[in-house]
Amino acid sequence: MEQNKTNLPKIAYNRIKEMMLNYQIIPGQRLIMVDLTKKIGMSRTPINQALSILANEGYVDFIPHQGYIVHELTQEEAKALYQVRRIIELGAIEFTIQNLNQQKLEVLKEKKELLSEKLNSGQVTRENFIFDLNFHTCYVEIAGNPYLTSCYREVYQRIFLRHRLEGLSIARNKQADDEHEEIFKAIAVKDIRKAKEAIKKHIKAAEDSIFSSFS
């Protein structure tokens, strides 16, 4: 029983993160404790502990006398995070291509095709970003460094979990789909230079899209 109590903050943490992923709670939204206790089915104590962890990680902000608010990405944060994203992807791609085999390429192709389906649905949803994360993480993971993969996931999540969907252009979906195809083709033929060029182009366009939604 004591072990179960110890696990409650972690369960609450995962549930709140899941709600952010599903866009059930959105950046800038004030979190009402009574609502959270009902939705998660727990008392205030483990939920408060979970929120404290999320605050330390930068996913929520604590405001005295008001409580917790889901953190909303700033331009300065976006710029810094995209810089880290660029460094990781460009640094990993050479090792990705060195470690590539047909089986790994097929997995990457499957991730790309699932993402393409989402992007061509004509909507901008959180699910699009989850499939996008899966595609990019896949080729970072092929590089063979689990610490790099973990870092990449965290950086990517810090971008899309803290940014509102409103203001993002549907027209960007088709452009992003084409860019993913360029990246995949360069990886498939093991052309490191072209892969790096395609990644740079894609990340710059993604960054520009995010920045346009701030104005």
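All values below were derived from every heavy atom in this structure, side-chain atoms included, with hydrogens, water molecules and symmetry-related copies excluded.
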Peer 1: So with a 6.0 Å cut-off around CD of E76, is the heavy-atom count from everything else above 12?
Peer 2: no
Peer 1: Salt bridge check: are R162 and E72 linked by an N-O gap of less than 4.0 Å?
Peer 2: no
Peer 1: Between K201 and E179, does the salt bridge (charged side-chain N to carboxylate O under 4.0 Å, His left out) criterion hold? Intermediate values first, please.
Peer 2: CA-CA 8 Å; K201 176 184 172 184; E179 290 161 7; 5.7 Å; no
Peer 1: Hey, which of F131, Y139, F135 is the one that makes ring-ring contact (aromatic ring centres under 6.0 Å, His included) with H180?
Peer 2: F135
Peer 1: Are there more than 12 heavy atoms of other residues, nucleotides or ligands under 6.0 Å from atom CD of Q98?
Peer 2: yes
Peer 1: Check whether more than 12 heavy atoms from other residues, nucleotides or ligands sit under 6.0 Å from atom CD of E57, and answer yes or no.
Peer 2: yes
Peer 1: Have N128 and T125 got a donor and an acceptor in their side chains that come within less than 3.5 Å?
Peer 2: yes
Peer 1: For atom NZ of K109, decide whether the heavy atoms of other residues, nucleotides or ligands shown that lie under 6.0 angstrom number more than 12.
Peer 2: no
Peer 1: Which pairs pass salt bridge (Lys or Arg N to Asp or Glu O under 4.0 Å) with one or both residues in residues 147-158, sequence neighbours excluded?
Peer 2: E154-R158
Peer 1: Would you call K200-E197 a salt bridge at under 4.0 Å N-O?
Peer 2: no
Peer 1: Do the ring centers of Y156 and F160 come within less than 6.0 Å of each other?
Peer 2: yes
Peer 1: Counting only heavy atoms not in K104 (residues, nucleotides, ligands), do more than 12 fall under 6.0 Å from its NZ?
Peer 2: yes
Peer 1: CD1/I53 to CD1/I16 distance, rounded to the nearest 0.5 angstrom?
Peer 2: 9.5 Å
Peer 1: Can a side-chain donor-acceptor contact be found between R85 and Y152 if the only test is distance below 3.5 angstrom?
Peer 2: yes
Peer 1: Does a side-chain N-to-carboxylate-O contact under 4.0 Å join D178 and K174?
Peer 2: yes
Peer 1: Apply salt bridge (charged side-chain N to carboxylate O under 4.0 Å, His left out) to R86 and list each qualifying residue two or more places apart in sequence or on a separate chain.
Peer 2: E207
Peer 1: Can a donor-acceptor pair be found between the side chains of Y82 and E77 at a distance below 3.5 Å?
Peer 2: no
